[in-house]
Amino acid sequence: MKDKLKGLVIGILIGSTITGATAFAANTTPIKAVIQKINLYVDGNKKATANAITYNNTTYVPVRSMGKAIGEKVSLKGENLYIGKQPTVKVSLDDAFDLVYNKIKKDADKYKLSFMEDGTASGKYVIRVFENYPDHIATYGWYQVDMYSGAVYYYDLVNDKYIKL
């Protein structure tokens, strides 16, 4: 009886997954775009050639190609695009730990939470906050701290997005 119930549950999960994937695929909208080579001119002088995309009567040129054509550095830091002068890292990893701790100090002290670096992503430190039990580790949450501004974000697992604190 348990095997039949287990098989039924697994079948429902597989069927739901396939149906969800099909529904997701059905919601996409195809677009027609043209990729073409264009020459980039600065002050009348040809500086570079780049692949550009034309869609809906608008031409999109890669920013890095434009930056090289005008002799400027280009970088993407989080959701910020920099052309020319680049930002400097203002927040160290130790500062990031302090910033997260200050945001959740009450719970951190109450539950004796620990902090660890969990890597970096798009100019942000990723910090995992957890309780350390003798037989397991319970994750309290994941946070990101922007290396340039010090802004702290909490990962909302239910909605799969970071929320600025």
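The shown structure was predicted, so the numbers you read here are calculated from the model rather than taken from an experiment.
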Among Asp95, Leu113, Ile127, the one residue meeting side chain to side chain contact (heavy atoms under 4.5 Å, CB included) with Val100: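 Only match with Val100 under side chain to side chain contact (heavy atoms under 4.5 Å, CB included): Ile127.
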Geometric class of the Tyr155/Tyr162 ring pair [parallel <30°, tilted 30-60°, perpendicular >60°]: tilted
If we only count heavy atoms from C-beta on, is the [X] to [Y] side-chain gap below 4.5 Å?
X      : Y      : value
Leu40  : Met66  : yes
Val63  : Tyr82  : no
Ile104 : Tyr140 : yes
Glu117 : Phe97  : yes
Tyr143 : Leu165 : yes
Asp146 : Val91  : no

Kindly give the heavy-atom pair with the smallest separation between [X] and [Y], and that separation in Å.
X      : Y      : answer
Gln144 : Ala121 : NE2-CB, 4.1 Å
Tyr148 : Pro87  : CD2-CB, 3.9 Å
Tyr41  : Lys46  : CD2-N, 3.3 Å
Lys37  : Thr49  : CD-CG2, 4.1 Å
Tyr154 : Gly141 : CE1-CA, 4.3 Å
Leu99  : Gly150 : CD1-O, 3.6 Å

Rounded to the nearest 0.5 Å, what separates atom [atom1] in [X] from atom [atom2] in [Y]?
X      : Y      : atom1 : atom2 : answer
Ser75  : Lys85  : OG    : NZ    : 12.5 Å
Thr139 : Glu131 : OG1   : CD    : 10.0 Å
Lys124 : Ser149 : NZ    : OG    : 8.0 Å
Lys32  : Asn56  : NZ    : CG    : 12.5 Å

Heavy-atom neighbours of Ile35 CD1 exceed 12 at 6.0 Å: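 Not buried by this count: 12 neighbours or fewer within 6.0 Å.
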Crowding at CG, Asp43 (>12 non-hydrogen neighbours, <6.0 Å): no
Contacts of Lys110 that satisfy side-chain contact (heavy atoms from CB on, under 4.5 Å) - sequence neighbours left out: none
side-chain contact (heavy atoms from CB on, under 4.5 Å) partners for Lys164, two or more places apart: Ala151, Tyr153
same_hphob_cluster(Val34, Val61) at 4.5 Å side-chain heavy-atom cutoff: no
Shared-cluster residues of Ile137, by chain and number - hydrophobic side chains joined below 4.5 Å: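 Under the 4.5 Å side-chain rule, Ile137 groups with Met116, Phe130.
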